[in-house]
Amino acid sequence: MPELPDVEGFRNVLQSCAKGRTIRRVDVRDPGVLHGVSARRLRDSLEGRRVTRAERHGKWLLARTGGPTLALHFGMTGLLLCADPDDAAEPHDRVLLTVGRDHQLRYRDQRKLQGLRLADDDFDVVRLLRDQGPDALTVDREEFEDVLASHRGRVKSVLIDQSALAGLGNLLADEILWRAGLRPNTPANVLAEPERRRLYTEMRRTLRPAVAACRVPPRPTWLTGHRDDPDPHCPRCGTHLRRTRMAGRTTVWCPGARRRGVRAADDFETTARRARAGSGSR
DNA sequence: CAGATTGTTCTCAT
DNA sequence: TATGAGAACAATCT
């Protein structure tokens, strides 16, 4: 589940739950989620330290302490929540961090595909993020277009390749390509300038509401709202949606006419904006 | 029971 | 060197 918007939500959880508070207790209930660090060393490194900053790069969440940094990755099913330390933990709560007097961060994950790491210092953080591309939420248009121009692979593969661009997952990539009216199997480096520009614009237009919702919202006007339908149709043009496999992931796309669909989407957003502005000013 | 899953990483082939 | 396919990882659901 967790893609950039979800992790951005977890960053807010981390921020509001722990920022400025001291880590009083580290309770590793399942060491299976720890990577490269023992439960003991994690505890000894973190207990007594204060959480100073919550940062995110791509799908990585970082809890800075001024000394070591806790790095969290949520795989497909992970999440972070803030609870009362007195509330009973659930079976999939793998690590509990009691912060301050009455807050507790809980790393919960049904599976254990990813997990927690400890970076001893800032060099370690750099090492951890070394292979990550620019963050999808903050990358500027020029750099984004450079990413496209420098990859010959299919544009969908490039969008979900964390070393090319960090943060997008399977749902977001399909959603953004659909909005931009581009086929996922197009080689990234053959996209013309207007297409590259459109892709960047639609990435931003998709990310903004997704981050606000802390997920890719399955709205009726979005591809994501229909991709799991038994007989999925395009919410813009009604064309029967195609499901294929690309880069090992289920890929949903609309084989219908393209420019028309893009305008329809633009019109929808513009109309919605006007409606809001109108109702607000009257 | 087979097959699927919104993530990453590795191996092998092209 | 770059890219793609497939498997592996863990746990659950259809």
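Convention: sequence-line order gives letters A, B, ...; per-chain numbering from 1. Because the structure is predicted, anything quoted here is derived from the model rather than measured.
- Counting only heavy atoms from C-beta on, R152(A) has its side chain closest to dT3(C) among dT3(C), dA4(B), dC9(C).
- Rounded to whole Å, atom C1' of dT8(B) lies 16 Å from atom CG of L72(A).
- The interatomic distance linking H35(A) (NE2) with dC9(C) (P) rounds to 14 Å, in whole Å.
- Figure legend. dT3(C) is base-paired to dA13(B); pairs are counted as Watson-Crick or G-U wobble with both atom distances under 3.5 Å.
- Using a 4.0 Å heavy-atom distance criterion, R227(A) is classed as making no nucleic acid contact.
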(message) Let's go through T52(A) and K19(A) carefully: what are the C-alpha distance in whole Å and the side-chain angles of both, what is the deciding distance for side chain to side chain donor-acceptor pair (under 3.5 Å) to 0.1 Å, and is it a yes or a no?
(response) CA-CA 6 Å; T52(A) 56; K19(A) 190 177 171 189; over 6 Å; no

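- The side chain of H92(A) lies closest to dA11(C), out of dA4(B), dA2(C), dA11(C).
- Listed candidates were dT5(B), dT3(C), dT8(B). Nearest to the side chain of T250(A) is dT5(B).
- Relative to the side chain of L113(A), the nucleotides dT8(B), dT3(C), dA10(C) differ in distance, and dA10(C) lies closest.
- Contact check, Q162(A) against dT8(B): a side-chain N or O comes under 4.0 Å of OP1 or OP2.
- The CG-P distance, from L165(A) to dG7(B), rounds to 13 Å in whole Å.
- For the pair D174(A)/T224(A), no side-chain contact is recorded, criterion being any heavy-atom separation below 4.5 Å from C-beta on.
- In terms of phosphate contacts, R111(A) brings no side-chain nitrogen or oxygen within less than 4.0 Å of OP1 or OP2 of dT8(B).
- Candidate nucleotides dT12(C), dT5(B), dG7(B) were compared by shortest atom distance to the side chain of N170(A), and dG7(B) ranks first.
- For dT5(B), the OP1/OP2 oxygens have a side-chain nitrogen or oxygen of R245(A) closer than 4.0 Å.
- A straight line from NZ of K59(A) to P of dT6(B) spans 11 Å, rounded to a whole angstrom.
- The side chain of R154(A) contributes no N or O atom lying less than 4.0 Å from OP1 or OP2 of dT3(C).
- Using modelled atom types, one finds a donor on one side chain and an acceptor on the other under 3.5 Å when comparing R106(A) with Q104(A).
- What separates CG of L79(A) from C1' of dT12(C) is a distance of 15 Å, to the nearest Å.
- Nearer to the 5' terminus of DNA chain C, by closest-nucleotide assignment, is the contact made by S150(A) (compared with the other of S150(A) and R249(A)).
- Rounded to whole Å, the distance from CD on Q114(A) to P on dT6(B) is 15 Å.
- Nearest to the side-chain atoms of S157(A) among the listed nucleotides dG7(B), dT6(B), dG4(C) stands dG4(C).
- Across dA4(B), dA10(C), dG7(B), the shortest atom-to-atom separation from the side chain of K112(A) is found for dA10(C).
- Atom-to-atom, CE of M246(A) to P of dT6(B) comes out at 14 Å; the value is rounded to the nearest Å.
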(message) Let's go through D135(A) and R56(A) carefully: what are the C-alpha distance in whole Å and the side-chain angles of both, what is the deciding distance for salt bridge (charged side-chain N to carboxylate O under 4.0 Å, His left out) to 0.1 Å, and is it a yes or a no?
(response) CA-CA 9 Å; D135(A) 185 80; R56(A) 182 195 55 75; 2.6 Å; yes

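- Going from the C1' atom of dT6(B) to that of dT3(C) covers 23 Å, rounded to whole Å.
- The main-chain N or O of R154(A) is never found under 3.5 Å from a side-chain atom of N185(A) such that the two would form a donor-acceptor pair.
- Between G248(A) and Q132(A), it is G248(A) whose nearest contact on DNA chain B lies nearer the 5' terminus.
- Because its NZ or CZ atom is both nearer than 6.0 Å to the ring centre of W178(A) and within 45° of the ring axis, R236(A) counts as a cation-pi partner of that residue.
- Taking atom P in both dT8(B) and dT1(C), the straight-line distance is 24 Å, to the nearest Å.
- Here dT6(B) presents its C1' atom at 12 Å from CZ of R215(A), a figure rounded to the nearest Å.
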